[in-house]
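Order of the sequence lines sets the chain letters (A, B, ...), proteins ahead of strands, with each chain counted from 1.
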2 protein chains.
Amino acid sequence: MQIKEVIESSKRHWQTALPHLSIDCVVFGFDQQKLNVLLLKLKDNANNWILPGGYVLKEEALDDAAKRILKERSGADKIFLNAFSVFGNLNRSEGYFKEYDDDLWHKQRFVTIGYYALVDHTSVTPVIDPSSEDCRWMPIDELPEMVMDHKNIIGNALATLREQIKYKPIGLNLLPEEFTMPELQRLYEAILGYKLNRGNFYRRITRFNILKKLDKERKGGAHKAPILYSFDEDNYQKALNDFSW
Amino acid sequence: MQIKEVIESSKRHWQTALPHLSIDCVVFGFDQQKLNVLLLKLKDNANNWILPGGYVLKEEALDDAAKRILKERSGADKIFLNAFSVFGNLNRSEGYFKEYDDDLWHKQRFVTIGYYALVDHTSVTPVIDPSSEDCRWMPIDELPEMVMDHKNIIGNALATLREQIKYKPIGLNLLPEEFTMPELQRLYEAILGYKLNRGNFYRRITRFNILKKLDKERKGGAHKAPILYSFDEDNYQKALNDFSW
DNA sequence: TCTTATTGCTTCATTATGAAGCAATGATAG
DNA sequence: CTATCATTGCTTCATAATGAAGCAATAAGA
């Protein structure tokens with residue numbers, strides 16, 4: 001079974017994009033509970049999910065390509081994007097298009113640039129494009145079956161994020177404008193995959209000096225109202241660039 | 001002036017390699033004093049130096065390509081290699097081949113994968129291949145004029161190395177089998193670009209537990225003979241993989 | 001044999017971290 | 001309208017890591 005849309009897009013790609021090079025985006029979002037990634041399911045691809053991805057136009061910078069791809073999928077515009085690795089093994093896509101002719105674009109040997117993106121989960125609306133059947137957030141600890149090495153790419157992105165979080169602040173792009181200390185802690189725990197001591201987290205984050213305490217609280221919860229914070233973006237950037245030994 | 005060799009190699013590359021994709025290697029070596037990179041000068045390229053680089057064969061994994069390229073240049077075989085970034089801006093090579101026809105391989109738009117390599121300076125003999133005029137070690141703080149964005153690539157590689165060194169051991173690939181504590185410290189200082197306190201360095205490295213103290217000293221120096229060490233490779237690997245918050 | 005620079009390793013003060021706890025608070029149940 | 005409860009803000013205490021400095025040992029050269 002050869003799907004007409006796939007063949008059509010193949011023709012388009014050969015004319016407009018750099019061959020053998022693709023981009024896959026691991027989009028992280030946080031929903032107060034868990035760390036999620038944005039996944040989609042192609043119409044022709046049984047039960048397997050894929051990362052949002054695409055190709056690099058012949059006259060397009062890599063970062064621009066990644067931004068474009070993400071905007072198409074998520075509608076989101078101002079997104080924190082970072083190329084974290086390259087996946088260049090052979091036969092990455094072997095088997096997935098075996099019913100098609102050899103000159104099918106998607107059947108070529110591809111080197112994929114892995115980007116990860118950090119987005120505020122609440123400001124993204126997953127977009128289901130014509131060739132997709134579904135597009136949604138999936139928690140990183142319950143990933144579905146995925147195509148090719150996409151699960152590995154996610155694992156790699158997560159590992160990168162976990163390294164970052166050790167010595168750099170995180171959250172600016174993952175949390176809404178205003179948030180509470182427990183929310184920030186839950187984000188850290190979701191990324192790291194384990195619980196942190198509350199008092200020590202409070203002390204450490206406070207000393208980082210990246211938070212502005214707002215003069216209001218989040219009322220309506222079941223218990224004591226937590227104080228709202230926002231990031232001090234100047235100090236946040238400074239902390240991103242600092243390092244010490 | 002169009003150089004025949006360049007045109008010949010262009011034809012070869014179109015047949016054998018993935019178009020639009022190249023690899024550049026930042027090879028770091030340490031010579032007891034300074035951190036160096038391996039650079040070469042092409043015959044046709046005036047006074048500009050370049051990073052050793054090459055192309056990815058159509059049926060070749062990325063890491064294999066990088067290994068092959070490095071082996072050709074340095075003769076070295078067992079080398080620590082790591083892809084650290086991708087450089088995909090437009091017009092990276094603009095101007096360098098402007099006298100050639102547009103179908104010249106080297107004139108295409110290239111996305112470059114940046115690898116950095118750590119080698120024992122003493123075990124590498126720079127190889128001057130037919131298209132090169134020179135190939136040598138250059139100290140990172142006195143780099144010559146370089147082609148395209150190659151200086152930026154080196155800066156990027158160095159930044160990556162400096163991040164690594166903060167929380168992971170380094171030296172296994174940069175130092176000879178046996179070395180002294182002051183030598184290791186000088187390596188750290190060369191990478192970081194500033195001096196470290198001697199006693200604290202000693203204490204920290206010792207606590208890392210990655211060194212085996214050998215039962216001999218380096219005699220012949222001008223002063224007290226320093227003890228020789230080698231790396232405990234098991235613990236070294238463990239330290240590479242560990243992390244904590 | 002005395003001087004010198006260097007090395008191995010320790011000491012002391014300061015700071016960061018892990019573990020635990022106390023008082024305040026806001027919603028809810030009685 | 002008060003008692004209960006989980007949660008929060010923030011602190012305390014013990015322990016570990018770090019920065020700065022110093023002391024004794026030592027190999028080479030004067």
message: Just by distance, no angles: are the side chains of A:Tyr116 and A:Asn156 close enough, under 3.5 Å, to form a donor-acceptor pair?
response: no
query: Which of these nucleotides, C:dG8, C:dT6, D:dC10, is closest to any side-chain atom of B:His223?
result: C:dT6
message: Checking side-chain polar atoms at under 3.5 Å, does A:Asn152 have a donor or acceptor matched by the opposite partner on A:Asp149?
response: no
- request: Report yes or no: does B:Lys168 contribute a side-chain atom to a donor-acceptor pair with the main-chain N or O of B:Leu240 at less than 3.5 Å?
  value: yes
field: Options C:dG26, D:dC10, C:dG8, nucleotide nearest the side-chain atoms of A:Ala225
entry: C:dG26
- prompt: CZ of B:Arg204 versus C1' of C:dA16: gap in Å, rounded?
  reply: 13 Å
message: Please confirm whether the shortest side-chain N or O distance from A:Tyr202 to OP1 or OP2 of D:dC10 is below 4.0 Å.
response: yes
query: Can you check the B:Arg198 CZ to C:dA5 C1' distance for me, whole Å?
result: 11 Å
- prompt: Roughly how many Å is it from CD in B:Glu183 to P in C:dG8, rounded to a whole number?
  reply: 11 Å
Contact under 4.0 Å: A:Lys224 side-chain N or O vs D:dA6 OP1/OP2: no
- request: Indicate whether OP1 or OP2 belonging to C:dA16 is found under 4.0 Å from a side-chain N or O atom of A:Arg207.
  value: yes
field: side-chain hydrogen bond (donor to acceptor under 3.5 Å, both in side chains) between B:Glu233 and B:Gln237, intermediate numbers included
entry: CA-CA 6 Å; B:Glu233 298 210 23; B:Gln237 290 305 329; 5.2 Å; no
- prompt: Taking CZ from A:Arg218 and P from C:dA27, how many angstroms apart are they, rounded to a whole number?
  reply: 13 Å
query: Would you say a side-chain N or O of A:Arg203 is under 4.0 Å from OP1 or OP2 of C:dA16?
result: no
message: Tell me the interatomic distance from A:Leu196, atom CG, to C:dA20, atom P, rounded to whole angstroms.
response: 15 Å
task: Tell me which nucleotide among C:dA20, D:dT8, D:dT7 gets nearest to the side chain of A:Asn197.
output: C:dA20
message: From CE of A:Met181 over to P of D:dC10, roughly how many Å is that when rounded to an integer?
response: 8 Å
- prompt: Across the strands shown, which category fits B:Glu217 at heavy-atom distances under 4.0 angstrom: base, sugar-phosphate, nothing?
  reply: sugar-phosphate
- request: Would you tell me whether A:Glu163 and B:Tyr167 have side-chain atoms, one donor and one acceptor, within less than 3.5 Å of each other?
  value: yes
query: In whole angstroms, how far is the C1' atom of D:dT7 from the CG atom of A:Leu184?
result: 17 Å
- prompt: Can you tell me how far P of D:dA16 sits from CG of A:Asn200, to the nearest Å?
  reply: 15 Å
task: With DNA chain D as reference, determine whether B:Lys219 or A:Pro182 sits nearer its 5' end, using the nearest nucleotide of each.
output: A:Pro182
